[in-house]
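Below is one structure, written out as structure tokens; the observations come after it.
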Amino acid sequence: MNGKQFVSILALFVLVLTAFASDGYGYNVVGDHNLSSTFGIKETKEGQRVVKKRTVSASSLTQVIDKADVFLDQYPKVRVVATGYYAGFESTGKNPSDPSYGITYSGVKVRRDDYSTIAADLRIFPLGTVLYIPGYGYGVVADKGGAIRGHKIDLYFETKQDVFTQWGKKSLDVYIVRRGEGKLTEAFLNNLNQKGIAAMAEVAN
């Protein structure tokens with residue numbers, strides 16, 4: 001098997017797995033059964049119907065996608081220095097009692113999700129820009145920072161420990177999936193996360 005055949009098979013596997021994991025499926029049952037969660041799919045019983053939904057985020061597939069470079073070559077890429085931050089005082093100077101705690105410059109709340117909030121130099125990446133960051137997933141520019149100048153980005157994590165154990169500081173190529181228009185709303189961010197990885201094609205148009 002040559003390299004192209006391997007990549008094609010891997011790409012097909014990712015597409016099938018993503019389609020399966022994105023929407024879930026259901027089937028009817030009679031009587032009581034023990035329901036379980038396997039391979040990131042949670043089974044819940046609704047009357048006599050078992051509904052399967054994914055319990056892992058699309059970002060958990062990033063390592064597979066990174067290896068195959070599936071979908072990414074169509075997007076422009078740029079070299080950046082990426083650091084991590086969280087909502088706490090060490091990163092933002094704010095405490096949980098602060099009314100603006102966890103609120104980004106765009107007005108949306110920070111989140112670590114299929115499409116997470118990140119900070120960037122808005123002259124380089126306007127608000128609403130969607131980047132794909134290998135090893136992190138999708139990031140949507142929602143914030144800015146005093147130390148974030150030029151080709152630097154700051155990736156949101158939920159805790160300080162996550163910042164250090166999952167990221168730290170890296171120099172890498174990121175992919176510009178969609179260039180923002182200078183604004184970002186909760187509705188747009190919610191829409192991206194509801195559609196999951198399938199939204200990549202939509203936001204690129």
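Treat the numbers as computed from the prediction; the structure is a model and nothing was measured.
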Enumerate the residue pairs fulfilling salt bridge (Lys or Arg N to Asp or Glu O under 4.0 Å) with a member in residues 83-107, sequence neighbours excluded, ordered by first and then second residue. Glu90-Lys160
Please name the pair of heavy atoms, one in [X] and one in [Y], separated by the smallest distance, quoted to 0.1 Å.
X	Y	result
Pro99	Ile103	O-CG1, 4.4 Å
Tyr175	Leu72	CD2-O, 3.4 Å
Tyr86	Phe89	OH-N, 4.1 Å
Val81	Lys169	CG1-CE, 3.6 Å
Val108	Glu186	CA-OE2, 3.2 Å

Between the side chain of [X] and the main-chain N/O of [Y], is any donor-acceptor distance below 3.5 Å?
X	Y	value
Thr104	Ala142	yes
Thr185	Phe188	yes
Trp167	Ala82	yes

Contacts satisfying side chain to side chain donor-acceptor pair (under 3.5 Å) that involve residues 139-153 (not counting sequence neighbours) are none
Is there a chain of hydrophobic side chains (I, L, V, M, F, W, Y, each step under 4.5 Å between heavy atoms) that links Ile148 to Val174? no
Using distance only, find each side-chain donor-acceptor pair of residues 118-129 under 3.5 Å and give its atom names and separation, not counting sequence neighbours.
residue	atom	partner	partner atom	Å
Asp121	OD1	Arg123	N	3.0
Asp121	OD1	Arg123	NE	3.0
Asp121	OD2	Arg123	NE	3.3
Asp121	OD2	Arg123	NH2	2.7
Asp121	OD2	Gly150	N	2.8
Thr129	OG1	Pro126	O	2.8
Thr129	OG1	Gly180	N	2.8

Partner set under side-chain hydrogen bond (donor to acceptor under 3.5 Å, both in side chains) for Asp154, not counting sequence neighbours: Thr83
Close side-chain approach of [X] and [Y], heavy atoms under 4.5 Å:
X	Y	answer
Val80	Leu172	yes
Arg112	Asp162	no
Asp113	Leu189	no

Counting only heavy atoms from other residues, nucleotides and ligands, does the tally under 6.0 Å from NZ of Lys170 exceed 12? yes
Just to verify, what does Tyr85 make a ring-ring contact (aromatic ring centres under 6.0 Å, His included) with, not counting sequence neighbours? Tyr156
Residues Phe157, Tyr136; criterion ring-ring contact (aromatic ring centres under 6.0 Å, His included); working and verdict: CA-CA 10 Å; Phe157 290 89; Tyr136 178 81; 5.3 Å; yes
State which residues pass side chain to side chain contact (heavy atoms under 4.5 Å, CB included) with Glu181; sequence neighbours excluded, sorted by chain then number. Arg178
